[in-house]
There are 2 protein chains.
Amino acid sequence: MAAEHVARDADIAPVAALIADPTRAAILTALLGGRALAAGELARLAGVGAATASAHLSRLLDGRLVDVVRQGRHRYYRLAGHEVAEVLEVLARVSARPLVRSLRQSRQARMLEEARTCYDHLAGRAGVGLLDRLREGGCLTGEEVTPEGERLLAGLGVDVAAARAARRRFAPECLDWTERRAHLGGALGAAVTGALLELGWYVRGPVPRAVTLTDVGRGGLAALFSGKELTSHTPVT
Amino acid sequence: MAAEHVARDADIAPVAALIADPTRAAILTALLGGRALAAGELARLAGVGAATASAHLSRLLDGRLVDVVRQGRHRYYRLAGHEVAEVLEVLARVSARPLVRSLRQSRQARMLEEARTCYDHLAGRAGVGLLDRLREGGCLTGEEVTPEGERLLAGLGVDVAAARAARRRFAPECLDWTERRAHLGGALGAAVTGALLELGWYVRGPVPRAVTLTDVGRGGLAALFSGKELTSHTPVT
DNA sequence: CGGATATTTCGCCTCCCGTCGAACCGTCAC
DNA sequence: GTGACGGTTCGACGGGAGGCGAAATATCCG
């Protein structure tokens, strides 16, 4: 989903190992509330002796998953930054992944599979289709926009020059994890997506990252790409 | 960061334990490319015997971190969905967290700490400040908008009724992990943030989730909240 | 059908790691 | 000071998990 922004390979095992222990997981989860808690409190919450908790906290400190602030004879521990909280939250989401989704959830999931934003660019079947159409139409070769592409995008109101001048990567492929194929990311992806929303071809949906194709958008895209839909699927109803 | 959307507590330890083993981590990382790989290939990539790899894959399968597709005498394994890929990516990010950031990174980090979007609503010091100002001004009590709040928000072009009718939670607090305090999330948070962008009080920055306060916005907010800035800090330069 | 190859299952060994009790070091209260 | 309490360090114990080789199973190819 965020392949564009993935850090180069780092050993994830050590960090995972820190979270893998049930006691440490309980400690970290207790700290998810944002408050700093004393060592003894954490030991109690985790249901373990003070010695054990201390050992765990020491390891979490080494691994820079928690910070400690000493205050008198107490030591208050808290999570070491929002990245750590994010890991715990994402991990909680996959851990809670139900075997079978509710109707509402599966409908939302289908909407997100169809079209959603990935940070600030279009993803899902629509995102993958868009990149395919752009490449098929010779608008994009590698990471460069061709003259045809420049014309087509200008027609949409995309400022390609501004995107090229942006401080982020211009037009990287971003791996789409529901499609397992690439969609268009980077400054250009953001600019194109912004233009599509601006034109009202896509509108943001009720679910945070969902966007949906409008009738206007369907017509516009069909005209742009000579009748080819971005995706062959019927829209989610 | 995404406390609004966090699943209820699930034991994250088992999933973390699956990732915690270096061999399994290597297997999962190899699968991050999105392609399905055969068991033997994965064994080779992970630098381990076929028997060992098989055992690991079996456990990953049990834990629903990978899917398998049998094709003749080969068994191709792939990650079981985008959530799993997300976990690995976020985990890679914290694992790679440098001890000291580069100047550019720290500047970007400061921008994000100041103001950014969290899914589709305002976060960072600006987001926390906004919620504080709304509460101080008596615009919001608990999760309800007061008549004063209704007037103030209407002046900004926020359609409170529409937000209230949305299918997502109306105005939940969303824990902000850089501030360790709450900001306004949910349908109302999204609507307010949309209005602020629409008015040009905030504009999206070069970095994916960054937004920055404009001069117009500074004036508008000052007028709204009788001179109080959302944050006492000088803007990031 | 029979040999070759891919993958899994089965023991077995080893070693790491979480646990606890007890001793030790700081800090607070009187 | 001196006792009480929070927290960490030390040492020993036990269980669980990963590693491998060998045998079993499944699939392909001729």
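Source: prediction; values computed, not measured. Chain A is the first sequence line, chain B the second, and so forth, proteins listed ahead of strands; every chain is numbered from 1.
A donor-acceptor pair shorter than 3.5 Å can be found between the side chains of B:Arg116 and B:Thr178.
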Candidate pair A:Glu114 and A:Arg125, rule salt bridge (Lys or Arg N to Asp or Glu O under 4.0 Å), full reasoning: CA-CA 5 Å; A:Glu114 179 60 32; A:Arg125 269 193 292 277; 3.0 Å; yes
Salt bridge (Lys or Arg N to Asp or Glu O under 4.0 Å) assessment of B:Glu173 paired with B:Arg135: CA-CA 12 Å; B:Glu173 298 202 332; B:Arg135 291 212 185 285; 3.0 Å; yes
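Note that CZ of B:Arg209 and OH of A:Tyr119 are 6.5 Å apart. Values are rounded to the nearest 0.5 Å. Summarising the geometry, atom CG belonging to A:Leu130 is positioned 5.5 Å from atom CZ belonging to A:Phe225; distances are rounded to the nearest 0.5 Å.
At least one donor-acceptor pair closer than 3.5 Å links the side chain of B:His121 to the backbone N or O of B:Cys118.
Considering only residues two or more places apart in sequence or on other chains, A:Glu41 meets the side chain to side chain donor-acceptor pair (under 3.5 Å) condition with A:Arg44. Taking B:Arg73 as the reference, nothing meets the side chain to side chain donor-acceptor pair (under 3.5 Å) condition, with sequence neighbours excluded. Listed by chain and residue number, B:Thr141, B:Glu148 satisfy the side chain to side chain contact (heavy atoms under 4.5 Å, CB included) test with B:Thr146 (two or more places apart in sequence, or in another chain). With sequence neighbours left out, B:Ala39 forms a side chain to side chain contact (heavy atoms under 4.5 Å, CB included) with B:Leu57, B:Tyr77. In this structure, B:Arg35 has no side chain to side chain donor-acceptor pair (under 3.5 Å) partners at least two apart in sequence or on a different chain. Partners of B:Glu144 according to the side chain to side chain donor-acceptor pair (under 3.5 Å) rule, which considers only residues two or more places apart in sequence or in another chain, are B:Arg164.
In the region residues 71-80 of chain A, proximity to DNA chain D at under 4.0 angstrom, judged on heavy atoms, holds for A:Arg73, A:His74, A:Arg75, A:Tyr77. Of the residues in residues 34-45 of chain A, not one places a heavy atom less than 4.0 Å from an atom of DNA chain C.
At whole-Å resolution of the value, CG in A:Leu61 and P in D:dG7 are 14 Å apart. Atoms CZ (B:Arg70) and C1' (D:dA26) sit 8 Å apart, rounded to a whole Å.
Using a 4.5 Å heavy-atom threshold, the side chains of B:Leu42 and B:Leu31 count as touching. Contact check for B:Glu86 versus A:Val94: no side-chain heavy atoms found under the 4.5 Å cut-off.
Note on the helix from C:dC1-D:dG30 to C:dC30-D:dG1: terminal axis deviation equals 30°, with five pairs used at each end and the result rounded to 10°.
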Name the atoms and distances for all side-chain donor-acceptor pairs under 3.5 Å in residues 14-28 of chain B, with sequence neighbours left out.
{"unit_1": "B:Asp21", "atom_1": "OD2", "unit_2": "B:Thr23", "atom_2": "N", "d": "3.0"}
{"unit_1": "B:Asp21", "atom_1": "OD2", "unit_2": "B:Arg24", "atom_2": "N", "d": "3.1"}
{"unit_1": "B:Arg24", "atom_1": "NE", "unit_2": "B:Leu18", "atom_2": "O", "d": "2.6"}
{"unit_1": "B:Arg24", "atom_1": "NH1", "unit_2": "B:His56", "atom_2": "ND1", "d": "3.1"}
{"unit_1": "B:Arg24", "atom_1": "NH2", "unit_2": "B:Ala17", "atom_2": "O", "d": "3.0"}

Anything under 3.5 Å between a protein N or O and an N or O of nucleotides 16-20 of chain D, put it in a table, one pair a line.
{"unit_1": "D:dG18", "atom_1": "OP1", "unit_2": "B:Arg24", "atom_2": "NH1", "d": "2.9"}
{"unit_1": "D:dG18", "atom_1": "OP1", "unit_2": "B:Arg24", "atom_2": "NH2", "d": "2.7"}
{"unit_1": "D:dG18", "atom_1": "OP1", "unit_2": "B:Arg59", "atom_2": "NH1", "d": "3.1"}
{"unit_1": "D:dG18", "atom_1": "OP2", "unit_2": "B:Arg59", "atom_2": "NH1", "d": "2.3"}
{"unit_1": "D:dG19", "atom_1": "OP1", "unit_2": "B:Thr23", "atom_2": "OG1", "d": "2.9"}
{"unit_1": "D:dG19", "atom_1": "OP2", "unit_2": "B:His56", "atom_2": "NE2", "d": "2.4"}
{"unit_1": "D:dC20", "atom_1": "OP2", "unit_2": "B:Thr52", "atom_2": "OG1", "d": "3.0"}

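Along DNA chain C, read 5' to 3', the first and last nucleotides having any atom under 4.0 Å from a heavy atom of chain B are C:dT5 to C:dT9.
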